[in-house]
Protein chains: 2
Amino acid sequence: MKEQKIPKETIKRLPIYYRCLNRLVVLGKDTLSSTELSEYLGIKPTQIRKDLSYFGDFGTRGVGYDLRRLFKEIESILNLERTWNIAIAGISNIGCAIMDLLDFNHSGFNIVTAFDSNPNVVGNVVHGVTVHDLNDLKECTVEEPIDIGIIAVDPVDAREVANCLVDRGVGGIINFAPTLLNLPKEIEVVQMDLTSELGWLVFFIGNN
Amino acid sequence: MKEQKIPKETIKRLPIYYRCLNRLVVLGKDTLSSTELSEYLGIKPTQIRKDLSYFGDFGTRGVGYDLRRLFKEIESILNLERTWNIAIAGISNIGCAIMDLLDFNHSGFNIVTAFDSNPNVVGNVVHGVTVHDLNDLKECTVEEPIDIGIIAVDPVDAREVANCLVDRGVGGIINFAPTLLNLPKEIEVVQMDLTSELGWLVFFIGNN
DNA sequence: TATTTATTGTGATAACAAACACATAAATTT
DNA sequence: AAATTTATGTGTTTGTTATCACAATAAATA
């Protein structure tokens with residue numbers, strides 16, 4: 001291992017490794033080679049080894065990786081040892097789906113507040129969280145700090161909601177609205193946008 | 001414009017341009033410079049021009065781009081002139097959210113069939129589409145050909161569902177399940193996976 | 001009509017990421 | 001204990017993508 005710039009693409013693959021390892025740990029496996037992992041994931045073994053080598057020498061030559069050890073290492077690299085507090089804005093279908101998901105595979109991501117603009121929804125308790133009025137996003141006091149915001153509101157409101165979330169100190173945002181957010185560059189934004197994905201998908205289908 | 005390999009990243013940006021142009025057309029604008037578009041999108045003007053130049057000379061030097069023309073050109077490049085038939089598997093929150101979305105901004109993507117394994121849901125009509133039993137995915141006859149499959153089922157079922165969809169002739173799949181699909185390489189797969197995105201997001205938040 | 005300004009299109013360069021080749025080392029076999 | 005097998009870790013090479021510098025050209029101005 002050498003001090004080196006770590007490619008962003010490498011970071012993006014780590015959660016994929018992490019999940020697969022998790023499954024294999026549960027299945028009771030205890031040693032794993034990069035080739036074997038490669039077969040599960042469709043990612044070349046050299047790619048996997050190079051990715052891991054940015055962070056340390058986790059394997060044993062001639063043997064492979066200790067599954068549990070590697071799992072823990074990646075957990076530590078990704079900062080998944082601690083829990084992360086999430087605020088979710090927009091409690092429609094997507095919002096609920098997200099809550100289901102994070103609640104279900106309790107993954108270290110805790111939804112600590114929820115916001116919506118629909119008066120019929122405000123005040124309800126969803127997944128143990130009280131839904132606040134979206135207009136109160138600026139002021140309303142929350143006990144715990146919010147680490148991450150998830151935006152699932154109407155596209156026209158997304159930008160303002162994002163700004164409020166940043167004011168409240170989030171370090172990153174997942175945006176399901178098809179709206180470009182203009183945020184300080186130290187805020188990481190993940191754009192999850194079905195229509196865009198469909199857009200480029202059909203380019204490839206149409207030009208198969 | 002020269003015959004050249006078009007970067008995949010270029011294709012992925014086209015839908016972003018497309019949506020922005022759409023908004024601007026609606027607003028009644030009619031000329032647009034790459035610099036101006038750049039300001040809306042946070043993508044460098046040279047990047048935008050280079051991306052467009054792979055497909056033709058759409059602009060006028062000293063002036064900019066004719067908005068409507070450019071919009072139509074991108075529409076044509078992405079194969080968005082025709083409509084695309086979608087089958088959706090899994091009619092839970094995510095499934096419904098997707099139906100809402102595609103129905104709402106009727107975008108050329110038509111959901112023509114839906115499948116679910118829950119007997120309480122099978123037979124219901126959602127957004128004008130009858131929900132079929134997931135077990136019938138293999139056999140059940142659909143009038144129209146299915147171009148794209150969207151998978152929103154339980155992770156353990158995702159792989160089998162994907163295979164059935166491929167057997168039915170889809171050219172691409174959007175997969176919301178955190179399951180790696182092992183499909184022939186001519187099938188384009190888009191993995192939409194919140195937990196993975198959160199995973200790499202917190203790497204960056206934690207190492208800000 | 002010559003000059004300046006605005007803006008596109010593109011070849012060349014730089015930055016980034018993936019793939020490869022192989023040195024290293026553990027375990028197993030002969 | 002030597003040879004073989006298995007598998008990691010990494011410097012180098014190749015490929016891909018973004019950025020830059022600037023030529024080309026249209027419009028506006030002097």
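Chain naming here is simple, since letters A, B, ... match the order of the sequence lines and numbering starts at 1 in each. Values below: every heavy atom of this structure, side chains too, minus hydrogens, waters and symmetry copies.
Nearer the 5' end of DNA chain D, as judged by each residue's closest nucleotide, is the contact made by A:G62, out of A:G62 and A:L52. Toward the 5' end of DNA chain C, the nearer of the two residues A:T60 and B:T35, judged by each one's closest nucleotide, is B:T35. Each of A:R49 and A:E9 has a nearest nucleotide on DNA chain C; the 5'-most of these lies closest to A:E9.
Checked by atom type and distance alone, the side chain of B:W84 pairs as donor or acceptor with a backbone atom of B:N79 at under 3.5 Å.
The CD1 atom of B:I48 sits 14 Å away from the P atom of C:dT7 (whole-angstrom rounding). The separation between B:L37 atom CG and C:dG9 atom C1' is 16 Å, rounded to whole Å. The NZ atom of A:K44 sits 15 Å away from the C1' atom of C:dA21 (whole-angstrom rounding). Distance CZ (B:F55) to P (C:dG9): 13 Å, rounded to an integer number of Å. Atom NZ of A:K12 is separated from atom C1' of C:dC16 by 13 Å (rounded to the nearest Å). To the nearest angstrom, P of C:dA12 lies 10 Å from NZ of B:K50. With rounding to whole Å, B:Q47 atom CD is found 13 Å from C:dA15 atom C1'. Atom CD1 of A:I43 is separated from atom P of C:dA19 by 10 Å (rounded to the nearest Å).
A donor N or O paired with an acceptor N or O is found under 3.5 Å between the base of C:dT8 and the side-chain atoms of B:R61. Under 3.5 Å, the side chain of B:K5 and the base of D:dG15 form no donor-acceptor pair of N or O atoms.
Out of D:dT10, D:dT8, C:dT8, the shortest distance to the side chain of A:D57 is found at D:dT10.
Using a 4.0 Å heavy-atom cutoff across all strands shown, B:T10 reaches no nucleic acid atom at all. Using a 4.0 Å heavy-atom distance criterion, B:K8 is classed as a sugar-phosphate-only contact.
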> Checking side chain to side chain contact (heavy atoms under 4.5 Å, CB included) for the pair B:D147/B:R82: CA distance, chi angles, key distance, verdict?
Replying inline: CA-CA 12 Å; B:D147 303 306; B:R82 51 163 287 196; 3.1 Å; yes
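If you check the side chains of A:Q4 and A:Y54, you find no donor sitting under 3.5 Å from an acceptor. Between the side chains of A:N118 and A:D116, not a single donor N or O lies within less than 3.5 Å of an accepting N or O.
Between B:Y65 and D:dA26, a side-chain N or O to OP1/OP2 separation shorter than 4.0 Å is absent. Between A:R13 and C:dA18, a side-chain N or O to OP1/OP2 separation shorter than 4.0 Å is present. Within the structure, every side-chain polar atom (N or O) of B:T46 is placed at least 4.0 Å from both OP1 and OP2 of D:dT19.
Taking 4.5 Å as the limit, some side-chain heavy atom of B:T46 sits within range of a side-chain heavy atom of B:R49.
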